[in-house]
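Structure record follows, encoded as structure tokens.
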Amino acid sequence: MGRGGGAGRGCCDDPYGEDLAQQGLRGPWQHRRSCTNPLMLLTFFAFFVCWVALILYADDKGDAYRIINGVDSFGNVCGRKNTHPDGAVNNTNLNMEDFPHVYLTDPTNSTAPTICVSACPYHETSNFTSDVDACTSCTDSSSGVPSDTCGACAFFSTCVSGTGAGPYALSPSVPWGQENNGCPPYAYATKPVVGRCWPSANVYSNSSVAQSGQLSSSYANAANSVDYTFQLYEFFFGARYQILYSGIFALGITLVLLLLLRLIVGPIVWTLIIAVVAVTVGATVMLWSEYRRVRTNISDKEDEGGAASDAEKNNRDFYLAAAVLVSIFLAVLVMILVAMRNRIRLAIVIFEEASRALGDMPTLFLSPFMTYAWLLGFFVLWAYASLLILTMQDKVYDPVTGYFSFEWGDDPNEDEYNFIVAYHVFALLWIAQFIIAAGNFVISGTTVSWYFTNERPKSFFESDPGAHGGHDGFFHSIKILVRYHLGTVAFGSLIIALIRAVRLVLEYIDRKFKHEIERSYVAKFIMCCCKCCLWCLEKIMKYINKNAYIITALHGHPFCKAAFIAFSDLFHNAGLVFVINSVGFLVLFLCKVLISLGTGLFAFMLISSGNEGQSGQDNFGSWFIILFASFVGWLVATAFLELYSTVVDTIAMCFMEDKKYNTGGGGKEPAAGPKLRKFMVGICNKHPDLDARVMRHPSTGEVEGPFPQGDGKDQRPKDAYAAQVTRL
């Protein structure tokens with residue numbers, strides 16, 4: 001049974017609260033752990049098994065290669081064998097292993113039949129007969145015919161007879177088979193793109209196409225898109241090494257910056273604060289000066305018997321209002337900074353401690369790699385399953401046209417298919433959030449162990465947690481997660497998945513009834529409010545979940561209790577939480593910008609050195625690669641700074657719990673490091689009436705222990721002390 005699940009206890013009851021109050025909080029190994037939220041773990045496991053069964057069912061009914069390779073108008077998958085017990089009937093069930101490309105026979109008609117060809121034609125031709133001799137020589141590999149000439153051979157796989165003909169038999173659905181030597185009226189220039197023959201941009205000037213009519217609008221747009229796509233592909237392929245080196249550079253400077261934050265985070269924060277105050281003071285002085293100047297001009301005019309214009313009076317009123325508002329803002333800002341100066345100092349120390357923790361635990365840098373590797377593997381599996389689900393329709397023959405189409409049958413029918421799609425989408429939401437939450441838990445568990453030992457781990461893989469002399473390490477935290485707390489992670493991730501599912505439903509309703517909603521201001525307002533509220537709810541729950549995982553890693557509580565404790569700690573330390581989030585946003589945003597710009601500059605230097613001595617280079621391609629490298633730098637920085645943010649949140653939550661349980665006297669000593677411990681001691685010394693017992697030696701700075709107790713009993717009012725000590 002999970003922790004706190006005894007008879008007569010509620011979800012948020014704390015069976016160990018009295019022990020912690022008396023003994024103090026010594027670390028995550030203080031109490032024997034048990035499996036938390038086992039019913040939720042079973043629910044997640046059952047959900048996952050059902051999803052796997054759904055994938056197997058879709059694999060039996062669908063064929064992902066219909067989308068990956070493409071199909072022709074006869075239901076054949078290009079590049080596949082397409083064997084069937086009924087054999088080849090009506091040009092279906094043909095062996096297309098030698099014909100891997102999909103080709104539209106008539107680009108002037110988007111409903112024209114599509115066929116599978118051996119290669120995409122990249123030359124135009126309207127006279128297949130004149131090319132027969134050249135194409136015949138291509139069948140001999142030793143003929144030495146130039147490859148450009150052999151490219152014309154691809155045209156003949158569109159024919160139903162003759163040299164190099166395709167696999168199709170003459171039928172009413174292949175109308176060109178009875179004329180032009182069994183070949184289409186013409187072939188047009190194409191480019192192969194993921195197994196499809198897309199029209200080349202120069203197909204507009206193709207005389208054969210021009211004789212038959214204009215390109216269909218969809219293919220005309222595709223021609224332009226393919227041309228741009230090939231240009232981008234050439235840019236990327238030519239600069240693939242520069243992009244790779246830029247990504248490695250971004251990773252390197254991100255890791256170095258994380259380790260250096262302990263030295264620079266303080267100057268950055270105070271510099272930003274001073275800059276904001278200075279700018280606000282400057283704006284206040286400027287506005288009051290302008291108001292005084294405008295008012296003086298108006299007074300001078302009135303003294304001379306003149307009258308000020310309405311524009312001058314409006315300017316005076318504007319400057320007065322702006323000066324008053326900015327002055328009020330400056331006064332409030334200064335009061336907030338003065339009142340929260342200690343919290344700002346504490347937030348800076350927490351950031352410095354987070355950087356030190358990363359330096360002591362380099363294996364934590366494996367966490368983003370492992371998390372994103374799991375996510376990538378899951379997304380690949382989910383995408384492949386999506387292709388299977390999308391191709392679960394049955395192949396149906398149309399005797400009028402002679403073509404085949406795919407329609408819903410009885411197994412599954414359309415309603416069953418909609419349920420399968422909904423289940424599959426929710427699997428994406430829940431499992432992805434589960435993987436992310438598991439990564440956060442491992443980071444939190446490792447940091448919690450470090451906080452309560454406050455030293456470099458003896459081993460990155462294992463240590464003796466019972467000895468309290470070394471910390472458990474990154475891989476031991478993974479073991480604790482898998483053995484005890486997967487149910488808690490499943491619980492928290494389910495909440496986020498449900499919120500996101502509701503948001504998706506709202507988005508679907510908004511798009512489906514967009515015109516009706518746009519005509520009603522009330523409906524539009526309600527929809528916007530619902531979207532905004534759900535977005536805020538998701539952000540809040542993500543933050544609470546992250547801190548709940550920290551509490552679970554520390555105390556071993558199930559999700560409900562952990563979330564309750566986390567919310568209580570965050571509420572009682574709202575000022576510190578606000579400062580940490582504000583400082584964190586500014587510092588991490590500046591770091592992301594710095595890394596992104598640095599990566600872009602590095603890519604620019606690589607490209608410039610590669611183009612040195614060359615003229616007439618395409619500047620568009622170079623600048624596009626530079627921008628893409630900057631984007632890669634931003635992604636790398638985001639991944640690893642999220643790790644840093646989680647470590648900061650973990651240390652902050654440990655500080656709150658440490659302060660709550662270990663600063664009440666009775667021989668209890670805070671587990672925090674020297675820098676953080678100063679803030680706990682400072683709080684206690686400011687409240688002697690609460691009989692705070694932690695004291696520091698004036699010269700050595702070491703914690704000496706409790707004050708004398710008289711009769712040895714703690715006489716202070718516990719509730720009053722707790723109320724003070726939980727607020728920083």
Side-chain angles (χ1 to χ4, degrees), residues 3-4 11-12 14 16-17 20 25 27-28 36-37 40 343 346-347 350-351 353-354 357 364 367 371 433-434 436-452 477 480-481 484-497 499 536-585 588 641-661 671-672 676 726-728:
R3 182 76 51 85
C11 172
C12 299
D14 187 359
Y16 301 106
L20 290 175
L25 179 60
T36 56
N37 302 108
M40 184 55 63
R343 294 183 178 90
L346 175 56
I350 290 176
F351 275 81
E353 289 292 287
L364 267 180
S367 179
T371 300
Q433 288 300 319
F434 179 86
I436 295 172
N440 288 334
F441 184 94
V442 171
I443 297 171
S444 299
T446 309
T447 308
V448 163
S449 296
W450 174 87
Y451 180 93
F452 283 92
S477 295
I480 293 298
L481 167 66
Y484 297 113
H485 302 306
L486 285 178
T488 297
V489 171
F491 201 147
S493 57
L494 175 61
I495 294 174
I496 304 300
I499 296 174
C536 293
L537 179 62
E538 180 180 342
K539 294 296 181 182
I540 293 171
M541 287 308 304
K542 278 186 174 181
Y543 190 70
I544 293 177
N545 282 8
K546 179 187 284 190
N547 286 277
Y549 301 145
I550 299 171
I551 295 296
T552 298
L554 176 56
H555 296 295
H557 292 315
F559 180 81
C560 286
K561 168 137 190 79
F564 178 81
I565 294 176
F567 180 80
S568 178
D569 286 346
L570 294 173
F571 178 78
H572 288 104
N573 296 271
L576 176 60
V577 172
F578 172 77
V579 172
I580 289 176
N581 289 328
S582 301
V583 171
F585 174 79
L588 299 186
L641 290 176
E642 182 62 28
L643 162 67
Y644 181 75
S645 175
T646 303
V647 174
V648 168
D649 291 337
T650 304
I651 293 177
M653 182 58 67
C654 288
F655 176 83
M656 298 174 195
E657 289 291 288
D658 191 14
K659 177 161 56 71
K660 181 166 62 176
Y661 291 113
L676 285 174
T726 54
R727 294 177 175 85
L728 184 57

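Because the structure is predicted, anything quoted here is derived from the model rather than measured.
Distance check, rounded to the nearest 0.5 Å: CD1 of Ile551 to CG of Asp569 gives 5.5 Å. One distance of note links CD of Glu642 with CD1 of Ile436; it measures 9.0 Å at 0.5 Å rounding. Distance OG1/Thr447 to CG/Asp649: 10.0 Å, rounded to 0.5 Å. Glu353 CD to Phe655 CZ: the interatomic distance, rounded to the nearest 0.5 Å, is 10.5 Å. Rounding to the nearest 0.5 angstrom, the gap separating the CZ atom in Phe441 from the CZ atom in Phe434 is 11.0 Å. Residue Asn545 holds its CG atom at 8.5 Å from OG of Ser493, rounded to the nearest 0.5 Å.
For Phe567, the CZ atom is loosely surrounded, since the number of other residues' heavy atoms within 6.0 Å does not exceed 12.
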For this session: Carefully, step by step, assess Leu676 and Ile651 under the rule side-chain contact (heavy atoms from CB on, under 4.5 Å).
Result: CA-CA 10 Å; Leu676 285 174; Ile651 293 177; 4.0 Å; yes
For this session: In sequence, state the C-alpha distance, the side-chain angles, and the governing distance for Leu537 and Lys542, and then conclude on side-chain contact (heavy atoms from CB on, under 4.5 Å).
Result: CA-CA 8 Å; Leu537 179 62; Lys542 278 186 174 181; over 6 Å; no
Exercise. Does the pair Trp450 and Thr650 meet the rule for a side-chain contact (heavy atoms from CB on, under 4.5 Å), with working shown?
Worked result: CA-CA 10 Å; Trp450 174 87; Thr650 304; over 6 Å; no
Exercise. side-chain contact (heavy atoms from CB on, under 4.5 Å) between Met656 and Ile565: does it pass, once the steps are laid out?
Worked result: CA-CA 11 Å; Met656 298 174 195; Ile565 294 176; over 6 Å; no
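Checking side-chain atoms of Ser645 against main-chain N and O of Leu641 turns up no donor-acceptor pair under 3.5 Å. With hydrogens and angles ignored, the 3.5 Å screen pairs a side-chain donor or acceptor of Thr552 with a backbone N or O of His557. Side-chain N or O atoms of Tyr451 include none that pairs as donor or acceptor with a backbone N or O of Ala357 at under 3.5 Å. Checked by atom type and distance alone, the side chain of Asn37 never pairs as donor or acceptor with a backbone atom of Pro558 at under 3.5 Å. A distance-only check finds no donor-acceptor pair linking the side chain of Asp658 to the backbone of Cys654 [under 3.5 Å].
Lys561 is not listed as a side-chain neighbour of His555, based on a closest heavy-atom distance of 4.5 Å or more. Looking only at side-chain heavy atoms (C-beta outward), Leu570 and Tyr543 come within less than 4.5 Å of each other. At a threshold of 4.5 Å between non-hydrogen side-chain atoms, the residues Leu554 and Met653 do not count as touching. Counting heavy atoms from C-beta on, the side chains of Val442 and Ile480 never come closer than 4.5 Å.
Minimum heavy-atom separation, Ala562 to Ala548: CB-O, 3.3 Å. Taking every heavy atom of both residues into account, Tyr549 and Ala437 meet most closely at OH-CB, 3.5 Å. For the pair Ala553 and Gly445, the tightest heavy-atom approach, listed with the atom from each and the gap, is CB-CA, 3.7 Å. Heavy-atom minimum distance, Val648 versus Ile350: O-CG2, 3.8 Å. The nearest pair of heavy atoms linking Leu576 to Arg343 is N-CD, 3.8 Å. Residues Met541 and Ile495 share a closest heavy-atom pair of CE-CG2, 3.8 Å.
A tilted orientation is assigned to the rings of Tyr644 and Phe351, their planes being inclined by 30° to 60°.
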